[in-house]
Every structure is written in C-alpha cells, then in structure tokens.
Amino acid sequence: MSENVRVRFAPSPTGALHIGGVRTALFNYLFAKKHNGTFVLRIEDTDQTRYVANAEQYIVDALEWCNIPFDEGPGKNEKFGPYRQSERKDLYKKYADELLEKGWAYYAFDTSEELDAHRKDHEANGKTFIYNWHNREKGRLVNSLVLSEEEVQQKISAGEKYVVRFKTPQDETLILEDEVRGKIKIETNTLDDKVLFKSDGMPTYHLANIVDDHLMEISHVIRGEEWLPSLPLHTLLYRAFEWESPKFAHLSLILKPVGKGKLSKRDGDKLGFPVFPLEYTNEKTGDVSRGYKEDGYFSDAFINMLSLLGWNPGTEQELFTLEELTKTFDLARVSKSGAKFSPDKTKWFNQQYLQQKTNEELATLFLPLLEENNVSSDAIYIQKVVSLIKERAVFVNDFWGLSSFFFEDPTAYDEKASKKQWKETTGSLMEELVSVIEAIEDFSIENAQTDIKGWITSKEIGFGKVMQPLRLSLVGKLAGPDLFEIMTMIGKEATIKRIKNAIAALS
RNA sequence: GCGCUGUUCGUAUAAUGGUUAGUACAUCUGACUUUCUAUCAGAAAAUACGAGUUCAAUUCUCUUACAGCGUACCA
C-alpha cells in the first residue's frame, strides 16, 4: 500500500450529495491523505435521464465546505482527464469492442419488453430469471451467442438496437477479497450477464467504472455497500481485460435514526435534522432542503461526527481534527455493520467544537445575529457575554436567545415562573433590594455579592426568595448565567430599572 | 423468491476462547445551601434465538429469526 495510492470519489450528479455520500468521500480522502496519495473526483453522468445540472457544483461546494477538497477532478489537475464520463463517451466503445473480440462479451437484441415478459414468466413459476448461459441455451434470448454471424450482421446493418452484454463464465466459484469484509464466495451461475454498453451508445456504470478506474490508475476503490453485489462482475471485468484489479473496500450504509432502513431525506424532514451538508434547491420542484452549514454546524464538527460513523480508532478518543483523522484512519477498523445515524450525537459534537473556540472567534460569529436584532455593543462586552453563555450553547445561533438580556430589558416574564416565584411579599422585598443596590458605591461582583448576600442573611430568609424574583426581573425567565455577573455587566442603573419594571408588572 | 452482507446496553461502539463485558450520546437520580437546555457525581441498561466444537464461547462453526443491499439498457 506504500506506493501511489490513488482513490476516487465517483458520485452521479442526480441531486444533492447526502450524508452517506459525504462519508464515502471523507473515507476516501482520509485514506488518500494517510498514504500520501491522491484523491480524485470523477463525475459519473452516464445516465442522461437522471442528470441534474446543479448537482456537480453542489458536490464540489460540499467537499469544499467539509474541507476535504479533491486533488484531481473536473477543472483541477486534469492529467487523467476529462473527469466527467459524459466527456469520455467515445473512449468506452473501443473497450466494449475489445471484450467482444476476446469473446468476453456479445451482442444482445432483446427488447426491454421481451425481457420483462421473461422475468414475469419466471416469477409466476416461482423462479428467478437470470440472463446467463442457462437461459442462453434455452434459445429464448436473441443475441449473438445463439444467432448466426450473418443474422447478427443483418440486424446491426438494419439499424436494430442492441446492447453489449458481459459473458459470465459458467460453473465457477469466485473468491473475492474485500478490505473490510474479508473473503466473499460466490457462484458465477447466480450472476446475470450484465449490460456493459447501452443502445444509446453510452456505457453502463460497470464498464465505465472499470475502464476509468484502470485508466486513472486507481489503487483502492472505497465505495458504498450497495456495490458489493457488483463486485464479482467488476472482478471478472478486470480479468477479461487482463488488468490488475485495485483493492476494494465496501462501506456499510447509514441507517435511519429510528425504525428500519437506510437514511433518507424524509427521515431528516420528519425528525428535524438535515441530511445534506449544504442547503439544496431542487431544480425541478423548487423544494429547498436544509443543510448542516445553514443549520449552524461547524464543518469540522460535522466531519468528526461522520468519521465515527462506521469507523473507530480503537481508543476512547472522540474528538479529532482532520489532521488527526488522517493519521489515525485505518480501513481495517471500518465496521461491517450499518450504523444508525444519531442527530443527538451530531449536536453534541457541535457543542464540543463550540466550546473549544475562543471568545474572540465566537464574538465575531455572533456579530451578524446582533445586527439582526438591532443591537450594537463594543467588542469587549460581546466577548464577555459570549464567555458567560457559551457553555450552554450548541450553536452560535443559540447565542441571542441565551443572551438577549445582556443587551435589552426583558419585555415579558415567564408566566409559570412568575406565578411560582413572585409571592405577595416579593414586591416589598424587591423594593428593599433596590435600596440595598443603590447603596453599593463600587458596583463590582465582589461588593454586590457581599452586600446582597449579607442583607439576605440579616433578613433571615432563604436565598431563593430573593434570587429567583431577581433573576426573573433581570432575565425574564429562570435561566442564564450567574446573577451577580449579569448585574455588574448591565450595570447598576439597568439593574435597578429592571427590578422596578418587574415590580410594576408583577406585583 | 434468489444472491450477498450484517446482528454487543435505546443508539454509536470497545474488548475478550476463562474479567464485575469498557466508553460516549440519550434516559433517570442527586449535587451545585439562586436558575437552566449547562456542569459535576451516580444509577439503570447489551453479547438476537437454538444447536455444535471445547474443560470453557459473546468470541470459532452451523440452523433459525430479523435487518440491509442487490436482483434495470440507474448509479
């Protein structure tokens, strides 16, 4: 594995790249970087019916945001280009012909309707229709293995549509090697003769994929588990071309958080979390899907979370920088079973990353939110606010809700809390408190604390009797950081004003 | 249906042919003689079922169940 590791991420531009795709890209990236290799982006757009114009740019932007950019790909270091399969179209025909010549492939003229009929027939009899030697011999199929050479030529020159199919060997047991799953055994007789070349002149995924991986000198194919059933075909194709096969690793799927099945966009909508890295607008329907970026996640937290979905370092470390990940990542520690996605854990990661940021960084990120709320304040004050509230925040977007009372007087009081904490006697108690506060010359945390606590002790009442209504007066609800911090931050004047407001509103 | 793959606390996972099966998220409880969605402490919680191999299996093998993927001229 030492020399020339080259991996590729090969998505189809059929829509937004979802979490599973990002994870596949990430694992490819990590593997490449770990081995000083190259990470290639290849766009597999051989299916023109499913092509979506804004999808490719989305994929590029998403990788960019995740900080896992490709080394080679469309418009970048194109030494093995082009990197869009549609632009490589002319190339594939010759490889299909090569297989035809070598006897590893053949022409087939069956129409979709005929094949559907065969499938239905078999199903009705409780059998599976497999397009392979077994059915070839029965003479039901129309292809160059059963037709004479003249007939084939005739059909082709008559302009009849045809596909090229792979001729799967008969009665053979294949032992396949997967980097995460080990050995896999399969009988060739259970395999279909897959279409390699479509009647529209485009290769299918299977052909294009193998040809491109070979031409681009890919050393390791790391892809989703949905490709595992195609592994025998791909291995056979390498054999047919007499090319050296890359190593394969199949990643398990990401499953929905509750219930069964793989994660889909619907799950995200239903449970309230994004399944895409960036916001995505569907070109046809105009539907907008939310993204992790727009929801306020840090990309490094998002990546950290994804890295631990189906992989673990074998230690108890959970927080990793991208650099640490590239050092630690190992295909051998990728798990074989599917992983349920956990939105909660994702939030936890974001919270951890948020705590690690400095107050300066966070204050800067907070600025736009303050502007939105028509608040301006000096940088030092904002940083101080951030330092007091950040430990309760998961997102920067939480900041305003956690700190608005540092900038403006509360306009409403939590109903339940006022009922419970604001008693008959509270009003006069608060008025007394006002005079205690007025008497404090130097309004520092220490002074406020000693004077107010001293006063409470001398009155021989519980702290809660004073502090709870005071919190209500200053904050509007029973939440937030230390009260003495709040008082000294907003200042003596504002403190007194807010207490008076509360007395007026609640007594 | 057939083929392939998988199955450890609710979830993500660790470890091991012999241990009290570890950790994190979530949950519950307590603490913080002032709040909390925060923090700290604690609790509860798992080797899918059944066989076999073995002195001993959660670990190896097989059956079953369940799940996922594939079974397209889609990728």
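Just so it is clear, the model here is predicted, and its values are computed rather than measured. Protein chains get the first letters and strands the later ones, always in sequence-line order, with residue 1 at the start of each.
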Nearest-angstrom distance from the residue atom [atom1] of [X] to [atom2] of [N]:
| X | N | atom1 | atom2 | result |
| --- | --- | --- | --- | --- |
| Asn189(A) | C2(B) | CG | C1' | 13 Å |
| Lys347(A) | U11(B) | NZ | C1' | 15 Å |
| Leu309(A) | U11(B) | CG | P | 14 Å |
| Lys477(A) | U34(B) | NZ | C1' | 17 Å |
| Phe349(A) | A12(B) | CZ | P | 14 Å |
| Leu255(A) | U7(B) | CG | P | 12 Å |
| Met430(A) | U34(B) | CE | C1' | 11 Å |
| Asn397(A) | U37(B) | CG | C1' | 16 Å |

### Task
Could you tell me whether Lys155(A) sits above the aromatic face of Tyr107(A), with NZ or CZ closer than 6.0 angstrom to the six-membered ring centre and within 45 degrees of the axis?
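Lys155(A) over Tyr107(A) ring: no.
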### Message
Treating Asn28(A) as the side-chain partner and Ile222(A) as the backbone partner, does any N or O pair qualify as donor plus acceptor under 3.5 Å?
### Response
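Pair found, side chain donor or acceptor close to backbone of Ile222(A).
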### Task
Check whether any side-chain N or O of Asp213(A) sits under 3.5 Å from a backbone N or O of Ile210(A) as a donor-acceptor pair, and report yes or no.
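Judged by distance alone, no pair lies under 3.5 Å.
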### Query
Side chains of Asn304(A) and Tyr353(A): do they bring a donor and an acceptor to under 3.5 Å?
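Distance-only check passes for Asn304(A) and Tyr353(A).
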Can you tabulate the close N/O pairs, meaning under 3.5 Å, that link protein atoms to atoms of nucleotides 71-75 of chain B?
{"from": "A72(B)", "atom 1": "OP2", "to": "Arg119(A)", "atom 2": "NE", "distance (Å)": "3.1"}
{"from": "C73(B)", "atom 1": "OP2", "to": "Arg165(A)", "atom 2": "NH2", "distance (Å)": "3.4"}
{"from": "C73(B)", "atom 1": "O2", "to": "Ser199(A)", "atom 2": "N", "distance (Å)": "2.8"}
{"from": "C73(B)", "atom 1": "O2", "to": "Ser199(A)", "atom 2": "OG", "distance (Å)": "2.6"}
{"from": "C73(B)", "atom 1": "N3", "to": "Ser199(A)", "atom 2": "OG", "distance (Å)": "2.9"}
{"from": "C73(B)", "atom 1": "N4", "to": "Asp110(A)", "atom 2": "O", "distance (Å)": "3.4"}
{"from": "C74(B)", "atom 1": "OP2", "to": "Lys198(A)", "atom 2": "NZ", "distance (Å)": "3.0"}
{"from": "C74(B)", "atom 1": "O2'", "to": "Asp47(A)", "atom 2": "OD2", "distance (Å)": "2.8"}
{"from": "C74(B)", "atom 1": "O2", "to": "Arg50(A)", "atom 2": "NH2", "distance (Å)": "3.3"}
{"from": "A75(B)", "atom 1": "OP1", "to": "Thr46(A)", "atom 2": "OG1", "distance (Å)": "2.9"}
{"from": "A75(B)", "atom 1": "OP1", "to": "Lys198(A)", "atom 2": "NZ", "distance (Å)": "2.8"}
{"from": "A75(B)", "atom 1": "OP2", "to": "Tyr205(A)", "atom 2": "N", "distance (Å)": "3.1"}
{"from": "A75(B)", "atom 1": "O3'", "to": "Ser12(A)", "atom 2": "OG", "distance (Å)": "2.8"}
{"from": "A75(B)", "atom 1": "O3'", "to": "Glu44(A)", "atom 2": "OE1", "distance (Å)": "3.2"}
{"from": "A75(B)", "atom 1": "O2'", "to": "Ser12(A)", "atom 2": "OG", "distance (Å)": "2.3"}

### Message
Between A56(B) and G18(B), how far apart are the two P atoms, rounded to whole Å?
### Response
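After rounding to an integer number of Å, I get 14 Å for this pair.
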### Query
What distance, rounded to whole Å, do you find between the two C1' atoms, one in A21(B) and one in U16(B)?
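Between the two C1' atoms, the distance is 8 Å.
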Which part of the nucleic acid, if any, lies within contact of [X], taking any heavy atom under 4.0 Å across all strands shown: a base, the sugar-phosphate backbone alone, or nothing?
| X | value |
| --- | --- |
| Gly310(A) | sugar-phosphate |
| Gln351(A) | sugar-phosphate |
| Arg333(A) | sugar-phosphate |

Which pairs, protein N/O on one side and nucleotides 25-33 of chain B N/O on the other, fall under 3.5 Å?
{"from": "C25(B)", "atom 1": "OP1", "to": "Trp348(A)", "atom 2": "NE1", "distance (Å)": "3.4"}

### Task
Indicate whether OP1 or OP2 belonging to A14(B) is found under 4.0 Å from a side-chain N or O atom of Asn312(A).
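For Asn312(A), the contact criterion (side-chain N or O under 4.0 Å from OP1 or OP2 of A14(B)) is met.
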### Task
Under the side chain to side chain donor-acceptor pair (under 3.5 Å) rule, collect the residues that match up with Asp45(A), sequence neighbours excluded.
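Testing Asp45(A) for side chain to side chain donor-acceptor pair (under 3.5 Å), a comparison that skips the adjacent residues, returns Ser86(A).
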#### Entry: side chain to side chain donor-acceptor pair (under 3.5 Å) involving Asn397(A) - partner list, sequence neighbours excluded
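With neighbours one apart ignored, the set is empty.
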### Message
Determine whether the aromatic ring centres of residues Phe70(A) and Tyr83(A) are separated by less than 6.0 angstrom.
### Response
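No, too far apart.
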Any N/O pairs under 3.5 Å between the protein and nucleotides 3-6 of chain B? List them or say none.
{"from": "U5(B)", "atom 1": "O2'", "to": "Arg181(A)", "atom 2": "NH1", "distance (Å)": "2.5"}
{"from": "U5(B)", "atom 1": "O2'", "to": "Glu225(A)", "atom 2": "OE2", "distance (Å)": "3.3"}

### Task
Please map the stems of RNA chain B, keeping only stretches of three or more Watson-Crick or G-U wobble pairs with both distances under 3.5 angstrom.
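Detected stem regions: B:1-7 with B:65-71, B:10-13 with B:22-25, B:27-31 with B:39-43, B:50-52 with B:60-62.
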